[in-house]
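Working notes for the structure below.
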2 protein chains.
Amino acid sequence: MTKKPGAREDALPAIAEVFREYGYEGASLALIGARTGLGKGSLYHAFPGGKAEMAEAVLDAIGAWFEEKVYAPLRDDPDPRAAIRLMLSETDAYFRSGRRACLVGAFALTEGRDGFADRIAGYFRDWREALAQALIRAGRPAAEADSLAEDAVLTIQGGLVLARALDDPAVFGRMLGRLDMRLVS
Amino acid sequence: MTKKPGAREDALPAIAEVFREYGYEGASLALIGARTGLGKGSLYHAFPGGKAEMAEAVLDAIGAWFEEKVYAPLRDDPDPRAAIRLMLSETDAYFRSGRRACLVGAFALTEGRDGFADRIAGYFRDWREALAQALIRAGRPAAEADSLAEDAVLTIQGGLVLARALDDPAVFGRMLGRLDMRLVS
DNA sequence: GCTTGTCTGTACCGATCGGTACAAACAGCG
DNA sequence: CGCTGTTTGTACCGATCGGTACAGACAAGC
């Protein structure tokens, strides 16, 4: 009885990248196998549920990363303005200054079915609410904070779409600059 | 020698809807056939280039629609503020107040290859530039107009993503309201 | 050494993919 | 009516899809 090491966790980043680039439908098992270096045997051993389970695991990992690195500071950091600045810089780093697509956004646009919808909605809802909380703690009125938070989350998504559509990562950087002015003036 | 009627044009809206909902990869010919009511024979007669030609035709049709209904007024309407308001209302109607996804945005996130990239980039570039021109004509400084226009285009895309992700069309309406304030204060 | 259970490569499955071939059905024109 | 060319349904193609079966390779415990 050998233990199962983090083979699953090791493969996740590569799998995520394939989903990111090709979307759920476009990410074939052949592609995933090639990028992870894993054969079908290993893949289905680590993810018995197949492609759907891989997507769920990837979405969970992304959600956990943002929860830890972004949402938690927004909620708990004693300096809310610093937490918002951290959010902007972590976002810039995570999306490689606009060169990387947002998997959650891509899934949101195409998929309708599956249990993915809940995770996707949760990801954005958590972000919006954590940011609104930080804005309130920074002294903004509640209504303004809600509006500002929703605008920020949606603006980041739009920045990713436009940067990729125009094939111009600078769009993403300019958008973050404007967000910084709006959020922590 | 019977003439070829607008069979191609007739089928385009239905095809566009399939691409919108399922993405390029997810839109199978079986699905397209079912939604258009056309068999493979008719489909390949109207679009000899197959799925790729269908996608190109759909993108061209969308581009032409926005050019006529939105970009041209932004550039030419003697009242630029009215043209911007028209843009917002046409956008709201076109995307069914957030219930409809943006095909161009969806393609932008997944595809990298193909000749689609040019059309996709052109669609957003034209929008951004036409809006910037209207803002300048409305009295904004050039730099501010460019920044505002890019922000507006990207915000609309983000609004579509978030509205769909949260399954809450109201997000789209709130976003348009904020845009109205920013653009035509 | 052998056993036991975890891994993994390979062959294979039915279904479906996008695309082609082609023969009927059809409309206009004489 | 034939004739001509367009439009369509249907059968079919090889390739690939996601997924399964399973026999070996492997590591740990005895």
Side-chain angles (χ1 to χ4, degrees), chain A residues 1-59 103 106-107 110-117, chain B residues 1-59 103 106-107 110-117:
Chain A
M1 142 203 351
T2 50
K3 57 179 179 179
K4 40 169 71 176
R8 191 181 152 110
E9 282 67 28
D10 292 349
L12 272 187
I15 298 178
E17 221 56 41
V18 178
F19 278 130
R20 232 182 276 276
E21 291 181 33
Y22 298 93
Y24 184 76
E25 309 280 350
S28 70
L29 289 192
L31 219 41
I32 294 175
R35 287 278 262 277
T36 55
L38 265 43
K40 281 193 172 188
S42 318
L43 238 28
Y44 271 83
H45 182 75
F47 304 92
K51 200 170 156 181
E53 186 175 344
M54 297 180 206
E56 287 174 15
V58 164
L59 287 173
L103 192 154
F107 274 28
T110 55
E111 302 303 300
R113 56 180 182 283
D114 307 312
F116 300 160
Chain B
M1 118 174 46
T2 51
K3 58 179 177 179
K4 40 170 72 175
R8 191 180 152 110
E9 282 68 28
D10 291 349
L12 272 186
I15 299 178
E17 222 56 39
V18 177
F19 278 130
R20 233 182 274 276
E21 291 180 34
Y22 299 92
Y24 183 77
E25 309 281 350
S28 69
L29 289 193
L31 219 40
I32 295 175
R35 287 278 262 275
T36 55
L38 266 42
K40 281 193 173 187
S42 319
L43 236 30
Y44 272 84
H45 182 75
F47 304 91
K51 200 170 155 181
E53 186 176 343
M54 296 179 207
E56 288 174 14
V58 164
L59 287 173
L103 191 152
F107 274 27
T110 55
E111 303 301 301
R113 57 180 183 283
D114 307 312
F116 301 161

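Numbered from 1 within each chain, the chains take letters A, B, ... in sequence-line order.
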Inset, instruction - Measure the shortest side-chain to side-chain distance between A:Leu12 and A:Phe47 over non-hydrogen atoms and say whether it is less than 4.5 angstrom. - result: yes

Legend entry - Value in whole Å for how far the C1' atom of C:dT8 lies from CG of A:Leu43: 11 Å

Legend entry - Interatomic distance, B:Lys40 NZ vs D:dT8 C1' [rounded to whole Å]: 14 Å

Legend entry - B:His45 vs D:dT8: side-chain N/O to OP1/OP2 distance below 4.0 Å: no

Legend entry - B:Ser42 side chain, from C-beta outward: closest of D:dG9, C:dT8, C:dG19: D:dG9

Inset, instruction - May I have the distance from B:Glu25 (atom CD) to C:dT16 (atom C1'), rounded to whole angstrom? - result: 14 Å

Inset, instruction - For the residue pair A:Tyr24 and A:Phe19, categorise the inter-ring angle as parallel (less than 30°), tilted (30 to 60°) or perpendicular (more than 60°). - result: parallel

Inset, instruction - Rounded off to whole Å, could you give me the CD1-to-P distance for the B:Ile15 and C:dG18 pair? - result: 13 Å

Inset, instruction - Using atom OH of B:Tyr44 as one end and atom C1' of D:dC12 as the other, report the distance to the nearest whole Å. - result: 14 Å

Legend entry - Nearest-0.5 Å distance that lies between atom CG in B:Leu103 and atom CD in B:Glu21: 10.5 Å

Legend entry - Under the side-chain contact (heavy atoms from CB on, under 4.5 Å) test, residues paired with B:Thr36 that sit two or more places apart: B:Ala11, B:Ala14, B:Ile15, B:Ile32, B:Leu38, B:Leu43

Inset, instruction - Please list residues of residues 27-38 of chain B whose heavy atoms come under 4.0 Å from any atom in DNA chain C, ordered by number; otherwise none. - result: B:Ala27, B:Ser28, B:Leu29, B:Ala30

Inset, instruction - Output the distance between atom CZ (B:Arg8) and atom CD (B:Glu53), rounded to the nearest 0.5 Å. - result: 4.5 Å

Inset, instruction - Report the distance from atom NZ of B:Lys51 to atom P of C:dT16, rounded to the nearest whole Å. - result: 15 Å

Inset, instruction - Find the distance between OG1 (A:Thr110) and OH (B:Tyr22) and round it off to the nearest 0.5 Å. - result: 11.0 Å

